[in-house]
Amino acid sequence: MGDGSYQRIWSVVRRIPRGRVATYGQVARVAGLPRQARMVGYALHALPEQVAGSVPWQRVINAQGRISARAFPGSEAVQRRLLEREGVAFDRRDRVDLDRFGWRVRTRSRRA
DNA sequence: CCGGTGACGCGCG
DNA sequence: GCGCGCGCCACCG
């Protein structure tokens with residue numbers, strides 16, 4: 001690792017409430033790494049088994065409200081089940097309505 | 001050093 | 001709404 005970027009990303013993901021989802025780009029911005037959505041995916045991919053339990057990685061989806069496909073197929077279904085278990089609904093196109101389930105970061109310095 | 005590769009996002013047509 | 005291209009950037013041969 002270069003620095004504590006992964007740590008920062010994981011700590012942001014830990015703040016996503018149960019039953020809500022955040023996008024990769026959103027996590028990146030909150031973590032102070034604007035325009036580095038890809039790194040968020042990388043950080044989650046590199047999530048060690050040990051810490052995985054304390055990081056709700058399933059709550060991170062892409063800006064289209066969909067679960068991003070990854071190298072190992074099948075983990076998508078796992079992610080979806082975990083989210084549905086906490087109340088997140090998917091439409092017929094396997095999409096989550098971000099207006100309803102998107103994480104609303106409570107901040108005072110956030111523009112618009 | 002270089003080039004290929006992503007759990008991505010956005011602007012365009 | 002959809003596909004495509006390009007920007008971004010850490011990693012890994």
Side-chain angles (χ1 to χ4, degrees):
Chain A
M1 281 182 245
D3 46 88
S5 293
Y6 287 8
Q7 293 293 329
R8 293 225 299 282
I9 291 171
W10 296 336
S11 69
V12 169
V13 175
R14 269 191 280 262
R15 291 172 48 195
I16 306 172
R18 182 184 170 73
R20 294 255 168 201
V21 294
T23 67
Y24 293 92
Q26 180 179 19
V27 171
R29 288 194 298 278
V30 176
L33 300 167
R35 296 182 299 286
Q36 295 196 66
R38 307 196 78 148
M39 205 165 96
V40 173
Y42 213 98
L44 294 182
H45 180 70
L47 198 58
E49 275 284 326
Q50 296 193 309
V51 243
S54 63
V55 180
W57 55 271
Q58 74 272 20
R59 294 174 193 158
V60 184
I61 62 179
N62 63 39
Q64 293 176 54
R66 290 199 169 89
I67 290 175
S68 292
R70 59 205 86 178
F72 200 70
S75 37
E76 284 185 356
V78 174
Q79 181 171 5
R80 176 167 177 154
R81 277 203 305 281
L82 287 172
L83 287 176
E84 292 180 317
R85 187 186 302 172
E86 39 186 85
V88 176
F90 286 76
D91 64 18
R92 292 179 193 182
R93 288 186 178 184
D94 306 311
R95 243 177 17 186
V96 172
D97 184 345
L98 295 178
D99 288 328
R100 288 173 53 198
F101 302 102
W103 177 33
R104 299 188 181 181
V105 188
R106 52 185 181 70
T107 311
R108 302 165 207 113
S109 57
R110 186 173 237 10
R111 298 166 281 224

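Note that this is a predicted model, so its numbers are computed, not measured. So that the names make sense, note that chain A is the first sequence line, chain B the second, and so on, each numbered from 1.
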Task: Length of the CZ-P vector between A:Phe72 and B:dA7, whole Å - done: 13 Å
TODO: Measure the distance from CD1 on A:Ile67 to P on B:dG6 and round it to the nearest whole Å.
DONE: 20 Å
TODO: Just call it for A:Tyr42: base, sugar-phosphate, or nothing, with non-hydrogen atoms closer than 4.0 Å on any strand.
DONE: sugar-phosphate
Open item on the list: Please report the distance, rounded to the nearest Å, between CD1 in A:Ile61 and P in B:dA7.
Closed with: 16 Å
Task: Separation of B:dG9 C1' from A:Leu98 CG (nearest whole Å) - done: 13 Å
- [ ] Please tell me which of the listed nucleotides, C:dC9, C:dG1, B:dG9, lies nearest to the side chain of A:Gln36?
- [x] C:dC9
- [ ] Classify the ring geometry between A:His45 and A:Tyr42 as parallel (under 30°), tilted (30 to 60°) or perpendicular (over 60°).
- [x] perpendicular
Task: Short side-chain N/O contact to C:dC9 OP1/OP2 from A:Tyr6, under 4.0 Å - done: no
Task: Nucleotide opposite B:dC12 in a Watson-Crick or G-U pair, distances under 3.5 Å - done: C:dG3
- [ ] Please work out if A:Thr23 contacts a base, only the sugar-phosphate, or nothing of the nucleic acid, heavy-atom cut-off 4.0 Å.
- [x] sugar-phosphate
Open item on the list: Only pairs with both distances under 3.5 Å count, Watson-Crick or wobble alike; so what is the partner of C:dC8 in this structure?
Closed with: none
TODO: Return yes if some donor-acceptor pair links the side-chain N/O of A:Arg20 with the main-chain N/O of A:Arg100 below 3.5 Å, else return no.
DONE: yes
Open item on the list: Can you confirm whether the side chains of A:Arg85 and A:Gln58 place a donor and an acceptor under 3.5 Å from each other?
Closed with: no
Open item on the list: Can you confirm whether A:Arg14 is buried at CZ, in the sense that more than 12 heavy atoms of other residues, nucleotides or ligands lie under 6.0 Å from that atom?
Closed with: yes
Task: Interatomic distance where CG belongs to A:Leu47 and P belongs to B:dG6 [whole Å] - done: 20 Å
Open item on the list: A side-chain contact here means heavy atoms from C-beta on lying under 4.5 Å apart; do A:Arg59 and A:Arg18 qualify?
Closed with: yes
Open item on the list: Can you identify which nucleotide, out of C:dA10, B:dG6, B:dA7, has its nearest atom closest to the A:Arg38 side chain?
Closed with: B:dG6
Task: Touch class at under 4.0 angstrom, heavy-atom based, for A:Ala28 against every strand present - done: nothing
Open item on the list: I need the CD-C1' distance between A:Glu76 and B:dA7, as an integer number of Å.
Closed with: 9 Å
- [ ] Just call it for A:Arg93: base, sugar-phosphate, or nothing, with non-hydrogen atoms closer than 4.0 Å on any strand.
- [x] sugar-phosphate
Task: Nearest-angstrom distance from the residue atom CE of A:Met39 to P of B:dG6 - done: 18 Å
